[in-house]
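As structure tokens, the structure follows; a few thoughts come after it.
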Amino acid sequence: MAFDFDLYVIGAGSGGVRAARFAAGFGARVAIAESRYLGGTCVNVGCVPKKLLVYGAHFHEDFEQASGFGWTVGTPGFDWTTLIANKNREIERLNGIYRNLLVNSGVTLHEGHARLVDPHTVEINGQRHTAEHILVATGGWPQVPDIPGKEHAITSNEAFFLQELPRRVVVVGGGYIAVEFASIFNGLGAQTTQLYRRDLFLRGFDGSVREHLRDELIKKGLDLRFNADIARIDKRDDGTLSVTLKSGEVIETDCVFYATGRRPMLDNLGLENTGVTLNDDGFIGVDDEYRSSEPSILAIGDVIGRVPLTPVALAEGMAVARRLFKPEEYRKVDYDLIPTAVFSLPNIGTVGLTTEAALEAGHRIKRFESRFRPMKLTLTGIQEKTLMKLVVDADTDRVLGCHMVGPDAGEIVQGLAVALKAGATKQVFDETIGIHPTAAEEFVTLRTPVAD
């Protein structure tokens with residue numbers, strides 16, 4: 001059978017664009033469809049604009065720190081509309097870059113909602129196109145629990161386009177998105193309350209990291225409420241919101257922001273016209289080479305529910321392109337030792353096993369921890385402390401995990417991820433000469449294990 005394309009990608013987010021443009025570079029005939037915005041969640045309503053807002057939120061601390069170094073700073077003022085307008089301009093620039101990447105790679109771009117007609121046919125804008133392989137890379141979508149008044153809540157999708165900064169905000173959730181936006185709103189001056197229905201947020205992160213960040217956020221004036229959840233939201237005549245907790249307590253606020261999970265974006269995709277099956281959690285089931293139960297249809301990124309991180313989707317997209325069209329360069333994605341960051345204030349950077357995961361896996365471990373006030377803060381009244389931690393296998397001396405809470409944690413841990421990937425031992429860390437004076441040198445000067 002003759003097909004219109006060798007590969008048709010549905011979804012022009014990070015993973016889809018990577019797969020499409022590299023497949024085209026390998027000589028394949030490729031088309032890609034996007035119904036919203038080029039670059040997907042990360043570029044438009046995720047990592048990139050969020051990091052810009054985090055930078056903006058940190059400036060109030062920078063102004064405070066400056067006086068300790070002899071700078072006279074007047075009363076700072078903040079304008080939300082300026083920040084959002086500048087953010088929008090940068091995102092538009094990035095959208096253009098993604099468009100050029102696709103076009104210059106020879107990829108055919110279809111803008112509209114694509115729907116599967118059968119295992120080899122996609123319909124978009126009233127036209128049908130056939131392809132030998134179809135790749136689903138439509139990403140995820142935030143979801144709000146079905147409670148009375150849920151229509152009054154916003155998610156990360158809407159937060160980036162608020163007309164004004166709310167005076168009071170209630171953030172609901174305990175994952176990285178909730179923690180990051182609580183830091184953003186709090187840092188920009190909103191009276192911020194964060195609710196989480198369990199004992200402590202950031203489940204799955206190292207216990208020391210979770211506890212340390214909790215303490216630092218409280219220092220910064222964030223109202224953290226654990227074992228708390230919303231029963232209903234009511235909107236008053238003046239536009240403010242009344243939030244009733246399951247405990248019966250009522251909180252008055254101007255904005256309720258939900259970050260309680262994301263679902264795979266599979267709406268009206270036409271999967272029922274194929275043999276694609278979903279797993280128990282509602283994600284597309286795939287094998288190690290991202291093939292679904294329908295041989296011609298593949299899937300990557302958030303729709304398969306493995307590791308919902310942009311760099312992982314990029315790696316999966318590259319793996320698909322290589323396996324299909326440049327098999328001599330194909331290699332499987334290695335999901336071990338994936339570094340990640342949480343851009344809370346202060347930041348988290350982490351790679352490898354947590355203390356809890358290492359013990360559960362049967363390792364006999366040594367823990368090395370350091371908590372200190374960064375040098376930059378010694379001339380200021382700010383009492384924020386940095387945490388650095390190594391988890392080491394006591395039998396092999398291999399460093400199993402590296403964790404940090406503090407300024408530029410993601411930048412520092414990215415380099416250490418290379419060392420862990422290479423199998424570095426604690427002795428290698430000990431024999432590495434530090435750069436002085438830096439915070440990062442603490443990772444190579446940790447000498448005394450924490451007593452159990």
Side-chain angles (χ1 to χ4, degrees), residues 47-91 93 159-169 171 179-194 212-224 253-255 257 341-349 370-388 404-414 434-443:
C47 349
V48 174
K50 171 196 66 186
K51 187 77 179 288
L52 294 175
L53 266 58
V54 168
Y55 283 137
H58 196 271
F59 268 99
H60 90 277
E61 294 184 20
D62 293 335
F63 292 134
E64 184 180 348
Q65 294 167 16
S67 62
F69 292 89
W71 288 92
T72 301
V73 181
T75 303
F78 172 69
D79 183 62
W80 170 264
T81 57
T82 297
L83 174 59
I84 296 304
N86 290 340
K87 179 270 296 182
N88 290 343
R89 186 160 49 250
E90 173 61 10
I91 300 310
R93 185 184 72 85
F160 292 111
F161 302 98
L162 288 171
Q163 295 299 306
E164 58 184 26
L165 177 67
R167 185 171 62 86
R168 301 166 299 177
V169 182
V171 175
V179 170
E180 289 170 335
F181 269 94
S183 287
I184 289 168
F185 287 127
N186 188 57
L188 293 176
Q191 179 184 319
T192 307
T193 300
Q194 182 177 354
H212 188 87
L213 183 67
R214 174 199 62 201
D215 296 344
E216 293 303 320
L217 292 178
I218 291 172
K219 284 183 192 177
K220 294 175 185 287
L222 184 62
D223 181 11
L224 287 176
T253 189
D254 303 298
C255 176
F257 174 99
V342 179
F343 294 107
S344 49
L345 293 172
N347 297 174
I348 295 172
S370 178
R371 288 175 172 82
F372 58 93
R373 193 173 173 215
M375 183 178 181
K376 184 180 179 181
L377 301 183
T378 56
L379 301 186
T380 76
I382 297 176
Q383 298 301 312
E384 178 182 306
K385 288 190 175 181
T386 289
L387 165 71
M388 291 183 172
M404 176 179 173
V405 181
D408 300 317
E411 308 289 347
I412 292 171
V413 171
Q414 176 68 84
I435 301 172
H436 184 74
T438 65
E441 68 176 318
E442 195 76 13
F443 274 119

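These figures come from a predicted structure and were not determined experimentally.
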Any donor-acceptor pair under 3.5 Å linking the side chain of [X] with the backbone of [Y]?
X      : Y      : value
Asp79  : Thr82  : yes
Glu180 : Phe343 : yes
Arg373 : Leu377 : yes
Thr192 : Ala190 : yes

Establish, yes or no, whether a centroid distance under 6.0 Å links the rings of Phe181 and Phe160.
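Yes; Phe160 has its ring centre under 6.0 Å from that of Phe181.
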Just wondering, do [Y] and [X] contact through their side chains at under 4.5 Å, heavy atoms?
X      : Y      : result
Leu224 : Ile218 : yes
Trp80  : Leu53  : yes
Phe185 : Phe257 : yes
Leu162 : Ile84  : no
Leu345 : Val54  : yes
Ser67  : Val73  : no
Glu90  : Asn86  : no
Met388 : Phe372 : yes

Of the non-hydrogen atoms in [X] and [Y], which two are nearest, and what is the gap between them?
X      : Y      : value
Gln163 : Thr81  : O-CG2, 3.6 Å
Leu217 : Ser183 : CD2-OG, 3.7 Å
Val413 : Met404 : CG2-CB, 4.1 Å
Ala409 : Gly349 : CB-N, 3.4 Å
Ala57  : Leu188 : CA-CD2, 3.5 Å
Val171 : Ala182 : CG2-CA, 4.1 Å

Report the residues that fulfil side chain to side chain contact (heavy atoms under 4.5 Å, CB included) with Asp254, sequence neighbours left out, ordered by chain and then residue number.
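By the side chain to side chain contact (heavy atoms under 4.5 Å, CB included) rule, Asp254 matches Pro166, Arg167, Arg168, Thr240.
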Partner residues of Lys220 under the side chain to side chain contact (heavy atoms under 4.5 Å, CB included) criterion, sequence neighbours left out
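With neighbours one apart ignored, the set is Glu61, Asn186, Pro346, Glu384.
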Salt bridge (Lys or Arg N to Asp or Glu O under 4.0 Å), that's the test. Do Lys385 and Glu216 meet it? Break it down for me.
CA-CA 7 Å; Lys385 288 190 175 181; Glu216 293 303 320; over 6 Å; no
How long is the span from the [atom1] atom in [X] to the [atom2] atom in [Y], to the nearest 0.5 Å?
X      : Y      : atom1 : atom2 : value
Thr193 : Leu222 : OG1   : CG    : 7.5 Å
His60  : Asp62  : NE2   : CG    : 9.0 Å
Leu387 : Arg371 : CG    : CZ    : 5.0 Å

Quick one: does NZ or CZ of Lys87 land under 6.0 Å from the six-membered ring centre of Phe161, within 45 degrees of the ring axis?
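Relative to the ring axis of Phe161, which defines the angle, Lys87 lies inside both limits.
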With side chain to side chain contact (heavy atoms under 4.5 Å, CB included) as the test, would you mind laying out the steps for His212 and Val405 before giving the verdict?
CA-CA 8 Å; His212 188 87; Val405 181; 3.8 Å; yes
Does a donor on one side chain and an acceptor on the other come within less than 3.5 Å for Glu442 and Ser370?
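There is such a pair (donor and acceptor under 3.5 Å, judged by atom type) between the side chains of Glu442 and Ser370.
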Tell me, yes or no, whether the heavy-atom count around Gln191 atom CD, taken from other residues, nucleotides or ligands under 6.0 Å, exceeds 12.
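Result for CD/Gln191: open.
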Taking atom CZ as the centre, does Phe59 end up with more than 12 heavy-atom neighbours from other residues, nucleotides or ligands that are less than 6.0 angstrom away?
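Not more than 12 within 6.0 Å, no.
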Test side chain to side chain contact (heavy atoms under 4.5 Å, CB included) applied to Leu213 and Val179, step by step:
CA-CA 10 Å; Leu213 183 67; Val179 170; 3.7 Å; yes
